[in-house]
Amino acid sequence: MEESIEVSGARVHNLKNIDIRIPRNQLVVITGISGSGKSSLAFDTIYAEGQRRYMESFGAYARQFIGDMERPDVDKITGLSPVISIEQKTTNKNPRSTVGTVTEIYDFLRLLYARIGEAHSYNTGKKMTKFSEEEIVDNVFKKFKGKKISILAPLVRGRKGHYRELFEDIRKKGYLKVRVDGEVKDLVPKMQVDRYKIHDIEVVVDRLAVTEDMKARLGQSVQKALQMGKDLIFLLLNDDNKVLQYSKQLMCEDTGISYEEPSPNSFSFNSPYGACPTCKGLGVVYQISLDGIIPDASKSINEGGIVPLGEEREAYMFRQVQALAKKNRFSLDTAIKEMPRKALNLVLYGNEAGEDSLDVEYDENANMGQIYAADYEGIIPALKRWFSGGGQSESLREWVERFMELKTCDTCGGARLRKESLWFRVGEKNIAELSALNLNRLMEWFGGVEKKLSNKQNIIAKDILKEIRERLQFLSDVGLTYLTLDRPSRTLSGGESQRIRLATQIGSQLQGITYILDEPSIGLHQRDNHQLIQALKNLRDIGNSVLVVEHDKDIMLAADYLIDIGPKAGFHGGRVVAQGRPNALLKLDTLTAAYLNGHKKIEVPAERRKGNGKFLELKGAKGNNLKNVDAKFPLGKLIVVTGVSGSGKSTLINETLYPILSKHAYGSRVTPLEHKSIKGLENIDKVIEIDQSPIGRTPRSNPATYCGFFTDIRTLFASVPEAKIRGYNAGRFSFNVKSGRCDVCEGGGMRVIEMNFLPDVYVHCEKCNGRRYNRETLEIRYKGKSISDVLDMTVDEAVEFFQAVPYLFRKIKVLQEVGLGYITLGQSAVTLSGGEAQRVKLGTELGKKDTGKTFYILDEPTTGLHFEDIRHLLDVLNKLVDRGNSVLVIEHNLDVIKVADHLIDLGPEGGDGGGRILFEGTPEEMIKNKESHTAKFLKEELS
């Protein structure tokens with residue numbers, strides 16, 4: 001067995017032909033400055049090669065269907081075991097995906113309920129019963145010994161019809177009596193009932209006295225009756241006319257309703273057998289929002305007060321509304337709030353069925369008015385019809401969606417399941433109630449569940465309970481106890497979804513695997529770091545190699561082996577600067593070591609900013625787990641919102657504050673979560689959220705196009721005398737426009753050669769040799785450089801090159817200031833890391849003229865950033881604040897927390913145990929707070 005993974009001659013992206021030995025079955029951390037080549041080594045070289053080898057194990061025929069992996073640019077890799085990558089990009093946007101389905105715990109819960117769940121009647125709440133044939137016979141003997149009874153088989157239950165053929169059929173089979181609507185009658189030829197009334201019809205299978213010598217006959221009659229009545233029989237006591245029901249299916253003795261035998265599908269909201277029929281298992285439905293239809297009730301209908309109707313015009317629906325107003329004598333010039341309630345309801349909901357039709361005067365050419373008789377449908381029914389209509393265009397549905405909002409489904413109350421499924425109980429709880437408990441409470445519940453079950457149930461459930469408990473324990477080990485099983489996957493952060501996948505992998509107990517993780521500490525508070533480190537060590541201890549790309553100090557120091565890539569980023573990186581045991585690396589003279597051993601650090605500001613004295617004040621926020629909190633956000637300061645994972649930071653900022661500001665500044669339609677009021681909006685005129693999503697999804701987008709200065713570069717090239725003589729305009733220098741780009745690769749610079757069952761090969765276009773433009777365009781030169789040469793420049797080179805062009809220099813200089821001097825202007829957006837994409841966005845915002853009344857929101861901007869990069873980032877944020885703007889950062893990183901002007905700490909725990917504001921004020925005041933977990937770690941940092 002080889003002791004290490006050996007990589008020879010890796011040249012992917014910016015790697016400089018490196019050779020490296022990585023010890024196997026150890027926890028190895030790869031670190032380095034952002035853009036130095038960590039991900040290129042871990043994911044694009046080692047993981048890509050592992051994936052390629054797996055694909056190669058398929059036959060050539062299969063490979064042409066599944067596509068093939070590109071061979072990474074590396075000479076050889078030896079000692080590599082099968083690889084599993086746990087990245088952050090794998091969050092599922094499907095609304096049907098929940099924490100329970102991703103972790104498979106919900107699948108085990110479904111099995112548990114299908115096998116040991118006890119059915120209760122949704123009418124009476126009583127436990128439902130079912131009997132076998134023997135049990136029915138024994139029960140009848142026990143209850144009615146010595147009495148005379150009739151055994152009935154139900155054939156018709158609550159249906160209309162004359163049933164002549166049915167009676168004739170029964171008579172021919174030799175039966176003599178039937179019970180029709182509670183009355184026993186003799187069967188006679190040509191018998192029938194009133195076809196327009198609802199009937200219950202049972203056939204009398206046998207009449208006998210319950211005695212020992214009749215036991216065999218009773219058994220045969222019960223069997224025959226169950227056969228005819230489809231597993232249901234009635235027992236009629238001849239003396240007092242009392243009727244009892246017995247069923248082989250689950251049924252309610254009092255009301256007679258029955259449930260089908262449960263299967264795991266009956267508890268799945270993704271299956272038609274279990275999903276609520278109204279919301280189709282989503283828990284939410286689109287409903288028309290009156291506020292969306294009438295945002296301003298002070299306007300009249302003619303002024304466009306009803307938005308879908310628009311202002312007065314020659315439209316058929318408007319003509320109908322005018323005819324409605326004429327007939328019902330109300331004016332369309334009255335403000336909507338002053339209209340009679342009945343008149344407004346008529347316009348919105350239409351005239352009731354059976355009312356007279358309207359005489360509508362309408363002609364498309366408007367030359368001669370024609371009178372049409374028409375029924376007026378109403379605006380809301382029309383919107384509903386357009387939204388749910390199958391044949392409607394997508395654009396019409398999207399337009400109608402603007403007037404709708406998502407509401408909890410009334411039928412299932414958001415539980416997603418049909419009524420019957422929610423009346424199956426285990427230990428007094430249904431499956432939706434268990435899914436709504438946070439994992440801490442769920443673990444407690446499963447801890448004592450055996451006491452609530454019968455012996456038989458315990459035997460059946462033993463293995464299922466073991467699986468559920470193990471999975472819950474693994475989720476607890478990675479610090480996710482505040483989540484609930486019904487939480488939709490799309491609301492999870494990148495770090496949370498990555499830790500869920502990590503827990504699932506620990507649960508699968510695989511051995512001999514190389515796991516590659518991308519910053520698992522994201523979104524994790526320092527308090528929970530030790531749990532994560534322990535989880536990674538557990539993964540190592542069962543016999544796996546764990547490679548982690550990480551910047552977190554605790555994880556680096558806890559690693560068995562540390563690899564530092566650098567020394568700088570981009571072109572200046574891609575080398576192994578240091579490798580070895582963490583304590584040995586601390587003594588070396590590298591950038592990472594300097595921050596780890598304390599020689600370099602981010603300084604605490606000498607004094608905190610006082611701000612501009614204005615505030616945003618949010619009151620009564622109750623979304624998700626927030627406990628009716630009031631928060632004050634001082635403007636003109638760097639505000640940091642912190643707290644343990646799941647304490648409510650994202651709920652307060654991303655889902656409550658940001659939608660409110662966005663609505664105020666841009667009229668956005670995103671609905672904020674529940675809150676009472678907000679004050680101080682007049683002090684804000686712009687809100688900008690800067691996240692780590694890619695700046696473009698296609699290889700054609702790049703920093704120059706995203707930041708907008710590529711337009712200026714093209715204009716500059718079009719103003720060159722040679723270009724003017726040839727009549728070239730700025731469009732000529734775009735690689736997305738036909739006239740100037742290379743016509744072979746269409747401005748892509750690369751050509752894809754499809755190789756069927758081998759990976760596609762990318763080659764430089766033979767005509768332009770990867771330069772994207774045609775010969776004529778490349779002949780235009782500015783200071784000796786063509787447009788293609790400019791795109792290949794790094795930001796550092798471009799700053800020097802465009803020094804004499806102030807409007808361009810300023811925009812490119814900003815990218816250098818945010819620490820992106822190493823990227824090229826034309827670098828494909830898909831090759832930028834999350835941290836780089838975020839800094840490109842920051843640079844773009846810095847390059848704009850701000851108003852000084854802008855509110856910036858950043859969610860964990862230190863993701864993917866080295867200590868040195870965080871220093872650059874803080875410089876940029878401080879510049880924004882110094883210009884009078886307000887910057888709010890959600891963060892766990894202590895380097896950011898300690899430089900804040902104002903801290904807001906939520907907690908004390910995650911989930912139900914959080915949602916309170918523990919502290920608001922400066923870091924110096926915060927460390928005195930006894931309740932806050934952040935304060936303990938901040939105290940060490942400040943001291």
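Note that the structure is predicted; figures quoted are calculated from it, not measured. In what follows, residues are counted from 1 in the order of the sequence shown.
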Is it true that the side chains of N302 and S300 contain a donor and an acceptor less than 3.5 Å apart?
no

Does a side-chain heavy-atom distance below 4.5 Å link C707 with K811?
no

Before you tell me yes or no, could you show the steps for V889 and I639 under side chain to side chain contact (heavy atoms under 4.5 Å, CB included), namely the whole-Å CA-CA distance, both residues' side-chain angles and the distance that decides it to 0.1 Å?
CA-CA 6 Å; V889 182; I639 309 165; over 6 Å; no

Side-chain donor/acceptor of T642 to backbone N/O of E891, under 3.5 Å
yes

Decide, yes or no, whether a salt bridge links E496 with R499 under the criterion of side-chain N to carboxylate O below 4.0 Å.
no

Would you check if the side chain of E674 reaches a backbone N or O of G623 as a donor-acceptor pair within less than 3.5 Å?
no

Contacts of E920 meeting side-chain hydrogen bond (donor to acceptor under 3.5 Å, both in side chains) (sequence neighbours excluded), chain-then-number -> none

Using ring pair (Phe, Tyr, Trp, His ring centres under 6.0 Å) as the criterion, list what pairs up with Y286, not counting sequence neighbours.
F387

I'd like to check the side-chain hydrogen bond (donor to acceptor under 3.5 Å, both in side chains) partners of Q838; sequence neighbours left out, ordered by chain and number.
Q692

Pairwise side-chain contact, N683 with L616, heavy-atom cut-off 4.5 Å (strictly under)
no

Got a second to check how far E860's CD is from T862's OG1, nearest 0.5 Å?
6.0 Å

Only one of L832, N702, L820 forms a side chain to side chain contact (heavy atoms under 4.5 Å, CB included) with Q827, so which one is it?
L832

Do D296 and S298 meet the criterion of a side-chain donor-acceptor pair at a distance under 3.5 Å?
yes

Could you please spell out the steps behind the side chain to side chain contact (heavy atoms under 4.5 Å, CB included) verdict for F633 and I678?
CA-CA 11 Å; F633 303 96; I678 185 155; over 6 Å; no

With sequence neighbours left out, what residues match K841 under side-chain hydrogen bond (donor to acceptor under 3.5 Å, both in side chains)?
D691, S693

Check whether any side-chain heavy atom of Y482 lies under 4.5 Å from a side-chain heavy atom of L439, and answer yes or no.
no

Under the criterion side chain to side chain contact (heavy atoms under 4.5 Å, CB included), I'd like the reasoning laid out for F615 against L635: C-alpha separation, chi angles, the key distance, then a yes or no.
CA-CA 5 Å; F615 289 89; L635 302 178; 5.8 Å; no

Considering all heavy atoms of both residues, which atom of C409 and which atom of V285 are nearest to each other, and what is their separation?
CA-CG2, 4.2 Å

Which pairs count as ring-ring contact (aromatic ring centres under 6.0 Å, His included) when at least one residue sits in residues 693-712, sequence neighbours excluded?
F710-F735

Give a yes or no on whether the backbone of I431 and the side-chain of S435 come within a donor-acceptor separation of less than 3.5 Å.
yes

Kindly write out the residues that satisfy ring pair (Phe, Tyr, Trp, His ring centres under 6.0 Å) with F855, not counting sequence neighbours, or none if the list is empty.
none

Give the minimum heavy-atom separation between D486 and T484, together with the two atoms involved.
OD1-OG1, 2.8 Å

For the residue pair T491 and R487, confirm or rule out a side-chain donor-acceptor distance under 3.5 Å.
yes

With sequence neighbours excluded, residues passing side chain to side chain contact (heavy atoms under 4.5 Å, CB included) with N729
R732

Taking the side chain as everything from C-beta on, heavy atoms only, tell me whether L842 gets closer than 4.5 Å to L873.
yes

Are N736 and R700 linked by a side-chain donor-acceptor pair shorter than 3.5 Å?
yes

Holding to salt bridge (charged side-chain N to carboxylate O under 4.0 Å, His left out), I want the full list of residues that pass it with E746, two or more places apart in sequence or in another chain.
none

State whether the side chain of N328 and the backbone N or O of L324 hold a donor-acceptor pair below 3.5 Å, judged by distance alone.
yes

For K407, the salt bridge (charged side-chain N to carboxylate O under 4.0 Å, His left out) test, sequence neighbours excluded, returns E405

Q287 side, atom CD; I380 side, atom CD1 - distance, nearest 0.5 Å
11.0 Å

Kindly check if the number of other-residue, nucleotide or ligand heavy atoms within 6.0 Å of NZ (K853) is above 12?
yes

Using modelled atom types only, decide if a donor and an acceptor are shared between the side chain of T103 and the backbone of V99 within a distance under 3.5 Å.
yes

Nearest heavy atoms of Y856 and I690, plus distance in Å
CD2-CD1, 4.0 Å

Could you tell me the separation between the CG atom of L880 and the CG atom of N885, rounded to the nearest 0.5 Å?
6.0 Å

Minimum heavy-atom separation for D685 and A665, please, with both atom names.
O-CB, 4.0 Å

H664 side-chain N/O to K686 backbone N/O, donor-acceptor pair under 3.5 Å
no

By side-chain hydrogen bond (donor to acceptor under 3.5 Å, both in side chains), N265 pairs with (sequence neighbours left out) none

If we ignore hydrogens and angles and just use 3.5 Å, is the side chain of S97 paired with the main-chain N or O of S489 as donor and acceptor?
no

So L618 and I660, do their side chains get closer than 4.5 Å, heavy atoms only?
yes

Side chains of M339 and I301, heavy atoms from C-beta outward: is any pair under 4.5 Å?
yes

Pairs under 3.5 angstrom only: tabulate donor-acceptor contacts from the side chains of residues 266-282 to other protein residues two or more places apart or in another chain.
| unit_1 | atom_1 | unit_2 | atom_2 | d |
| --- | --- | --- | --- | --- |
| S266 | OG | S263 | N | 3.0 |
| S266 | OG | S263 | O | 3.1 |
| S268 | OG | N270 | N | 3.1 |
| S268 | OG | S271 | N | 3.4 |
| N270 | OD1 | R96 | NH1 | 3.3 |
| S271 | OG | Y273 | N | 3.1 |
| T278 | OG1 | T411 | OG1 | 2.7 |
| K280 | NZ | P277 | O | 3.0 |

If you apply the rule side chain to side chain contact (heavy atoms under 4.5 Å, CB included), what do you find for L906 with V629, and how did you get there?
CA-CA 10 Å; L906 281 98; V629 301; 5.7 Å; no

OH/Y349 to CG/N345 distance, rounded to the nearest 0.5 angstrom?
6.5 Å

Distance col, row K649:NZ vs I890:CD1, nearest 0.5 angstrom, shows 7.5 Å

Donor-acceptor pair, side chain of R839 and main chain of V818, under 3.5 angstrom:
yes

To the closest 0.5 Å, what do you measure between CG (L657) and OG (S650)?
12.5 Å

Closest heavy-atom pair and its distance - L422, A432
CD2-CB, 3.7 Å

Under the side-chain hydrogen bond (donor to acceptor under 3.5 Å, both in side chains) definition, can you give me all pairs with a residue in residues 615-635, not counting sequence neighbours?
N624-T651

Heavy-atom pair with the smallest gap, counting every atom of N612 and G636:
ND2-N, 4.1 Å

Determine yes or no for a side-chain-to-main-chain donor-acceptor pair under 3.5 angstrom, with T101 supplying the side chain and T98 the backbone.
yes

Check: C412 main-chain N/O paired with K419 side-chain donor or acceptor under 3.5 Å
no

